[in-house]
Protein chains: 4
Amino acid sequence: MTGKNTRIQREKREVILDAALQVFSENGFRGATLDRIAKVAGLSKPNMLYYFPGKEAIYHTLLNRLLETWLEPLERLSAEGDPHTQIMDYIRAKLEFSRSYPRESRLFANEILNGAPRLLDELGGPLKTMVAEKTQILQGWMDAGKLAPVDPYHLLFAIWATTQHYADFAVQVGAVLGDRDPDPITTASHFLETLFFAGLDPR
Amino acid sequence: MTGKNTRIQREKREVILDAALQVFSENGFRGATLDRIAKVAGLSKPNMLYYFPGKEAIYHTLLNRLLETWLEPLERLSAEGDPHTQIMDYIRAKLEFSRSYPRESRLFANEILNGAPRLLDELGGPLKTMVAEKTQILQGWMDAGKLAPVDPYHLLFAIWATTQHYADFAVQVGAVLGDRDPDPITTASHFLETLFFAGLDPR
Amino acid sequence: MTGKNTRIQREKREVILDAALQVFSENGFRGATLDRIAKVAGLSKPNMLYYFPGKEAIYHTLLNRLLETWLEPLERLSAEGDPHTQIMDYIRAKLEFSRSYPRESRLFANEILNGAPRLLDELGGPLKTMVAEKTQILQGWMDAGKLAPVDPYHLLFAIWATTQHYADFAVQVGAVLGDRDPDPITTASHFLETLFFAGLDPR
Amino acid sequence: MTGKNTRIQREKREVILDAALQVFSENGFRGATLDRIAKVAGLSKPNMLYYFPGKEAIYHTLLNRLLETWLEPLERLSAEGDPHTQIMDYIRAKLEFSRSYPRESRLFANEILNGAPRLLDELGGPLKTMVAEKTQILQGWMDAGKLAPVDPYHLLFAIWATTQHYADFAVQVGAVLGDRDPDPITTASHFLETLFFAGLDPR
DNA sequence: AATGAATGAGTGTTCATTCAT
DNA sequence: GATGAATGAACACTCATTCAT
């Protein structure tokens, strides 16, 4: 049925996935309705279900793609080059992701927050593997005296938390800042460089 | 109707709110059903609605309580005392909150993530006001040379993000760490002290 | 249980019936709720059900009383005296009933309108019997040349319709008249005398 | 959504409205249930709600149609022609309405009886306006000596009351008459001509 | 005599999914 | 490919009635 990957099929699937991303990220899985997704996508509901077998299928397709995108910046963290640059590149990439793909970030956060019922295997599999690999690199830098000796896992958690915050808690950030900062993510970039590489103690 | 505050009323209301906290924090507002809350609370659905007028009322009661609890540690941040101690006390209080009240943290995160439709006023009101006040204290410390000069708002964001992460993304933290760390929040406490007050540059 | 007719019992039953009359007449049988009746009566719902076994029982008690009151003015229509006076006395009594007991009138109308499921026997029994009797009187007057020869049954229908209208359709009467007539029922009394005994043809 | 007026849509909507008319007129708004309407219409409840957004919408559609039909005979009352004919035409049209559309009449009566919560605006608006206009015509005839001088508003009330009675109180009429009159409305037509244009005084 | 508490059976409405064309 | 139509299962909430005290 959906095996024929004609160009028009692929395009329609993209339109649907984009609409679904918006609706799922704003309402969570159960809060989202196929009606709304179909309306946003500009299709009839049965027509949409011609391209995807059901609500779960749409959601899973989004999640799977998302994990790849989510992992990709971390993938680039390499033992080559100096730690400061490498880590700041990662932080900036994550901030850029929060700026450009806030809906994806919130979709991911929603899923994790609700216990990751449809992502647990991926978290314990591909993600765990890659994290194990990259923490090795961080550990190597620490062992070589190029980086302060800290728990590399929690270092990654701190990077994820501080960067994703600007997408996931955007409403709160906006409410608290008011008009104070027209470009909070750029400010965050500078702030995080100071935080991560100098700390708050005055020199 | 439910105005009389008899002992049994207060107790039942607590039982309901506890069940609701669990169900709402796991599923978000729309994903939660009164059926499930009632079952968790061990009551019939109509009996539950004898104590609260409806789903919204239960949720609002939870949210209102929550915001107070959420703000309370920040409230204690005081200009008196030295910055390092004050800030670390705040970080530890937030971590303790994530350890003891992860469901409350996730309820809050869920609400913000979905656009805070039932909390926007509070965010722009009481929260904004208190944050404005507390960033003044931080700014004062920076002006006095007791703290590295950074954006105080983003400093608060970083504290919130890194501490709440252990409640909100607990599933991911657990999946990534596996058995490696039996007490991640304690590890986080040490890690965050290094991060916030020394940074990652080797000395 | 409810056999003991103490004074206080009788009074409470009256309070309940009065509240029920109001609520039933405004909302019909199904539209009325025991909650509202109890609130209007100033009793708790279970306490109210101590005096009456249930919703149906309250309603039936009202209906039975009502039929008596409804029939009473007709009862007084007597072969003695002249037709004009007798009939106008009946019309005025019915108008007075609409003025003083509009809720009773509407309760009755509601019941008939909805097919009289709880009053059919009474309609085909006591009411039919009395009407048969009274139409005999009317017929007697007509046979004696004291009254224009018309169908006596439809004459009664016309009296009922025109007089009850001021209670049952009070909202419409009020909306149509606006401020034009501060006392429509008195106006109606004069109008109906002309209508019934002179007609509309100019003399 | 339901905007497309396909043939099948129009037909189904009529089926639903017909079923709804029956159920609403027998039970009033609150007494009617969508379950029963759907059963009478021969549809499933959700399917019915595919054609109408909800219970209120069905009811309002009925009411709006009804008011037009209700006003139409009055509309035709014209200053041209002689009063007797004009008024009797109106009375006969109203009786015909009671004969052919008793459910509509009862729906209307039910609404008024319960305070016209969904029709008050119409009563004080279009209805009041048309009545004001038509009473002018009646008044004109009286001023010209072509009609006995009576209150024209109450004259209309009397016409409405006596004609609608045969639909709204049909159960009572039937119970009282028994087998006596196989065609009460025709009898009523003659009776009302005598009543309205001759009165009960013997000549 | 009175009331707080509890519940089974509805009641209007939503929603993912399926059917027919 | 596409859509109008249809439905079973939920879902939030109501209500008459009963229970326990």
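Convention: sequence-line order gives letters A, B, ...; per-chain numbering from 1.
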Integer-rounded Å distance: dC13(F) P and Tyr59(B) OH
15 Å
Could you tell me the Watson-Crick or G-U partner of dT21(F), where both distances fall under 3.5 Å? Say none if there is no partner.
dA2(E)
Quick check on dA5(F): is either OP1 or OP2 less than 4.0 Å from any side-chain nitrogen or oxygen of Tyr50(D)?
yes
Looking at Glu56(C) and Arg118(C), is there a salt bridge between them, counting it only when a charged N and a carboxylate O are closer than 4.0 Å?
yes
Separation of atom NZ in Lys39(A) from atom P in dC15(E), rounded to whole Å:
11 Å
For a quick check under 3.5 Å, do Asn110(D) and Asn27(D) share a side-chain donor-acceptor pair by atom type?
no
How long is the line joining CG of Asn27(C) and C1' of dT14(F), in whole Å?
15 Å
Need one value for Leu43(B): base, sugar-phosphate or nothing, where a base atom within 4.0 Å counts as base even if backbone is also close, heavy atoms only.
nothing
Between Ser44(B) and dA5(E), is there a contact of a side-chain N or O with OP1 or OP2 at under 4.0 Å?
no
Roughly how many Å is it from CZ in Phe52(A) to P in dG1(F), rounded to a whole number?
14 Å
Separation of dG4(F) atom C1' from Arg13(D) atom CZ, nearest Å, is 15 Å
Quick one, Gln172(A) and Phe108(B) - any side-chain contact, counting heavy atoms below 4.5 Å?
yes
Presence of salt bridge, Glu104(B) and Arg65(B), under 4.0 angstrom
no
Does a side-chain heavy-atom distance below 4.5 Å link Val40(B) with Ile37(B)?
no
Please work out which of the three classes, parallel, tilted or perpendicular, describes the rings of Phe29(A) and Phe24(A), given edges at 30° and 60°.
parallel
d(CE, Met48(D); P, dA6(F)) in whole Å
13 Å
Gln9(B) side chain N/O closer than 4.0 Å to the phosphate oxygens (OP1, OP2) of dG4(E)?
no
By nearest nucleotide on DNA chain E, pick out whichever of Asn47(C) and Lys12(B) is the more 5' one.
Asn47(C)
For Ile37(B) and dA10(F), what is the distance between atoms CD1 and P respectively, to the nearest whole Å?
17 Å
With side chains defined as the heavy atoms from C-beta onward, is the minimum distance between Arg10(D) and Glu14(D) less than 4.5 Å?
no
In B/S/- notation (B base, S sugar-phosphate only, - none; protein heavy atoms under 4.0 Å), nucleotides 16-21 of chain F written 5' to 3' is BBB---
Between dG1(F) atom P and Arg10(A) atom CZ, what is the distance in whole Å?
11 Å
